[in-house]
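Each chain gets a letter, A, B and so on, in the order the sequences are listed, and its residues count up from 1.
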Protein chains: 4
Amino acid sequence: MAPTPPTHLTPRKQPRQARATVTLNIIFEATIQVLLAVGPRRLTTTRVAERAGVSVGTLYQYFPHKQALFYGLNQHYLNALAEKIEYTCRTLHGAPIGQMVEALVTTYWNAKTERADVTRVLYRSVVELDNESLIEAFAGRVDPATAEMFASASDATFTDLSIVNLTLLTTIFGTVRSVFERNLPADDGRAVQKQLILMCNSYLGLVRSASDHRSK
Amino acid sequence: MAPTPPTHLTPRKQPRQARATVTLNIIFEATIQVLLAVGPRRLTTTRVAERAGVSVGTLYQYFPHKQALFYGLNQHYLNALAEKIEYTCRTLHGAPIGQMVEALVTTYWNAKTERADVTRVLYRSVVELDNESLIEAFAGRVDPATAEMFASASDATFTDLSIVNLTLLTTIFGTVRSVFERNLPADDGRAVQKQLILMCNSYLGLVRSASDHRSK
Amino acid sequence: MAPTPPTHLTPRKQPRQARATVTLNIIFEATIQVLLAVGPRRLTTTRVAERAGVSVGTLYQYFPHKQALFYGLNQHYLNALAEKIEYTCRTLHGAPIGQMVEALVTTYWNAKTERADVTRVLYRSVVELDNESLIEAFAGRVDPATAEMFASASDATFTDLSIVNLTLLTTIFGTVRSVFERNLPADDGRAVQKQLILMCNSYLGLVRSASDHRSK
Amino acid sequence: MAPTPPTHLTPRKQPRQARATVTLNIIFEATIQVLLAVGPRRLTTTRVAERAGVSVGTLYQYFPHKQALFYGLNQHYLNALAEKIEYTCRTLHGAPIGQMVEALVTTYWNAKTERADVTRVLYRSVVELDNESLIEAFAGRVDPATAEMFASASDATFTDLSIVNLTLLTTIFGTVRSVFERNLPADDGRAVQKQLILMCNSYLGLVRSASDHRSK
DNA sequence: AATGAATGAGCTTTCATTCAT
DNA sequence: CATGAATGAAAGCTCATTCAT
């Protein structure tokens, strides 16, 4: 089923004009800055507007209410993330399964680590923001992309691709979040990342259909 | 290092008396109910007190401020969770590694699933609640417990136990959270759970030290 | 007219027993301490009780409400002050007028300076405490005492004693308060005290009835 | 040293625009009204806002917290008072000393008596309002103004002008306050006022430097 | 009597949102 | 369209006072 982003949570103004898009990005960036500076609880629309260098009125031109701002922000970042994953999937199409897993983990990990503070702040800003629709939308893009990639693996086939795909995504995404939540030192983080790749690969070795093993 | 729960986030009144403990639990339960009913954003101290059948004043006798309530609630549940895990670890001491992993995953999964709504609500109540200290405290109990258990495995030894332990915990906890976040249907959830056990076991087969394989 | 201390502002329990008087004094002292420590705005009955080492309940046994506590405290100190002044007046009965003024100023000044912090704190605690009745009661004791003293002066008589008396008291008391309010350095304070005596004496020289001058 | 009014006690919004100044005055007046109507203890920001015909929000736009409102109010009146005194000092520059004292007392007395209720209410509103900085600021304006005036007297010079000045100010201001505090009937008040002038003049006759007497 | 947990009215303050300019 | 002063509902929290123990 297609994800249904509640209409009342989408930016009022479709950014047709370049200027609007610019303003939107400025507002997003300002939101992040405020989130980093004072945390979600003390984030106010006024503060965001101030930081963005626009008036509250203008802010409300772009987002009908505070919720919509959060929604838009998360959507923004999830979109970017989905794009990166899709790109990786396209690139790795037809590659050996081992490379796929490594690339997927690395892509996701890097995307999250690039601006670790933003990641952490976003993980927390999602309160009451019935973000289910966002997650759903994200899954709706990523699930098929990775499934398609795995299906194209040059050296493996899976009898139950869909569950394998789901397991891999859940594990990878979850582990990354867990690492952030535990605020692990960078070294430990990298170690876990490596082990995660190992783990996924060993798992895939196990669930690969019988014929693959023979042809090996 | 011992985790240091910020003193300003601990219940004001140490529940020395039976009555106080009862009240504390009533308040916790009421908080959960309110969280379920109206979500974290619309949870007010007054509402919680009402639901608990006590006055706001009493609430504030137990928790110096709203934050402390959330902190206490999470602490409460994390404590219970840690206890269950410790119990499992004690029970499985000396068992074969495969059983350990299965038991660990199952324990954690069940604990979270038992009251899925509470779990989901708690995952979200953690806003601005510098829950780092909580997570740290939790990790400080669970990490050693599982490490000790794994070290006692009858059929496996690990050259780098600490990283293996960390990887397993991060993966398991993260995956469970991910499943809750995606709000997967029960069937898919159970499937992923199974796969997660598989995955962990295959990983352990890989990282088990060489001598184990020989003795096999 | 006799001053009418509103009955609802008097201590509930007349301190007939020694123990009660002791407790009363402990409570007064605690009130002062709290006043000094946190100021009148953040003074709470609970805090006073704590400091006094009694329970709130006991506090309320002695003072039916917070107002009564303040009232009692001020009354306590004003009584002591009035006593000192009365004593001075009795002692100086029949003395030359110059000595009288000097003794009066010195007595008042010393009484206030003895525990300057308490004085300052009391000056401020008098909010909403319709302290008019207190002031009236104080004036009702002091006015006659000094008037009587002045009337007995060995070297001066006054045609309008009552206005002279009022002027002197108002001036002396007011000046002292002013000095406290301006938080003048001790040196300046003492200087002003000296000048005040000078001023009062010069004034008395002027308003002394004509016959006095002749007899001089 | 320049008085340092704590920044957190100054109006948030500098009244640059006429409208803001108007609103400010309305709020001040409303505060006085409420103070008169219910006393300082039962004054609430909501009540003040209501009386002023603005919303609480607006009140808080002008004053970051209740304290600031009191601070601003007192500052307002002390400023006006200081101006009047400065004006008198300028006007009396070079006059005979007797006229100066009379003018000073009269100016101060009138200023306080003009709206006696306001005066009384302000004297009491000063709770916990570390009004030291206000008093200091006031003294910092008035002290030099009167000193300068006295120095210019056509018929008197003083060897220790600074102490004489301090004594006069402390005495005058204190006496007035005392009269208000005792709630003296108008007749008595006026009588004391007259005596106060007399007293100051007799004092000045005494402390005038010797040469003045000769030239007399 | 003494205690101190419980009460809840009421206060200060915030902040999403509107709308006249 | 942009602005930002004004709004006021609603939240967090305090504390004088009571009363069962």
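Side-chain proximity of B:Thr45 to E:dT12, F:dC13, E:dT7: nearest is F:dC13. Considering only the side chain of C:Val56, F:dT17 comes nearest among F:dA9, F:dT7, F:dT17. Closest approach to the B:Gln61 side chain among F:dG12, E:dT7, F:dA16 is made by E:dT7 (side chain taken as heavy atoms from C-beta onward).
The side chain of B:Tyr60 contributes no N or O atom lying less than 4.0 Å from OP1 or OP2 of E:dT7. Between B:Ser55 and E:dG8 there is no side-chain polar atom (N or O) within less than 4.0 angstrom of OP1 or OP2.
In this structure, CZ of C:Arg42 is placed 14 Å from C1' of F:dC13, rounded to the nearest angstrom. Between the C1' atom of F:dA11 and the CZ atom of B:Phe70 lies a distance of 13 Å, rounded to the nearest Å. Summarising the geometry, the separation between NZ on D:Lys66 and P on E:dT12 is reported as 4 Å, rounded to the nearest angstrom. Here E:dC15 presents its C1' atom at 14 Å from CZ of A:Arg41, a figure rounded to the nearest Å. A:Phe63 places its CZ atom 16 Å from the P atom of E:dT18, with the value rounded to the nearest Å. Taking atom CG of D:Leu24 as the reference point, atom P of F:dA5 lies 14 Å away to the nearest angstrom. The distance between atom OH of D:Tyr62 and atom C1' of E:dT13, rounded to the nearest whole Å, is 18 Å. One atom, CD of B:Glu50, and another, P of F:dC13, lie 17 Å apart when rounded to the nearest Å.
For the residue pair C:Tyr60 and C:His65, the shortest heavy atom distance occurs at CE2-CA, 4.0 Å. Closest approach of C:Thr45 and C:Leu59 over heavy atoms only: O-CD2, 3.5 Å. Taking each heavy atom of A:Phe28 and A:Leu73 in turn, the nearest pair found is CE2-N, 3.3 Å.
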Atom pairs and distances, side-chain donor-acceptor, residues 47-57 of chain C, under 3.5 Å, sequence neighbours left out:
unit_1	atom_1	unit_2	atom_2	d
C:Arg47	NE	C:Arg42	O	3.1
C:Arg47	NH2	C:Arg42	O	3.0
C:Ser55	OG	C:Thr58	N	3.2
C:Ser55	OG	C:Thr58	OG1	3.1

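Between B:Arg47 and D:Val54, the one whose closest nucleotide on DNA chain F sits nearer the 5' end is D:Val54. Heavy-atom nearest nucleotides on DNA chain F were determined for B:Leu43 and for D:Gly53, and the one closer to the 5' end corresponds to D:Gly53. For A:Thr44 and A:Gly57, each mapped to the nucleotide of DNA chain E holding its nearest heavy atom, the one lying further toward the 5' end belongs to A:Thr44.
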Pair D:Leu43-D:Phe70, side chain to side chain contact (heavy atoms under 4.5 Å, CB included): steps then yes or no: CA-CA 11 Å; D:Leu43 174 146; D:Phe70 280 118; 3.9 Å; yes

Dot-bracket encoding of pairs in DNA chain E, which uses [ ] for pseudoknotted crossings and | for another strand, Watson-Crick or G-U under 3.5 angstrom: .||||||||||||||||||||

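Taken from OG1 in A:Thr23 to OH in A:Tyr62, the straight-line distance is 3.5 Å, to the nearest 0.5 Å. Put simply, CD on C:Gln75 and OG on C:Ser133 are 8.0 Å apart, with the number rounded to the nearest 0.5 Å.
In this structure, A:Thr58 reaches the bases: a heavy-atom distance under 4.0 Å links it to at least one base atom across the strands shown. Residue-level contact check: A:Leu59 touches neither bases nor backbone, having no heavy atom under 4.0 Å from any strand.
Here D:Asn25 pairs with nothing under the side-chain hydrogen bond (donor to acceptor under 3.5 Å, both in side chains) rule; sequence neighbours left out.
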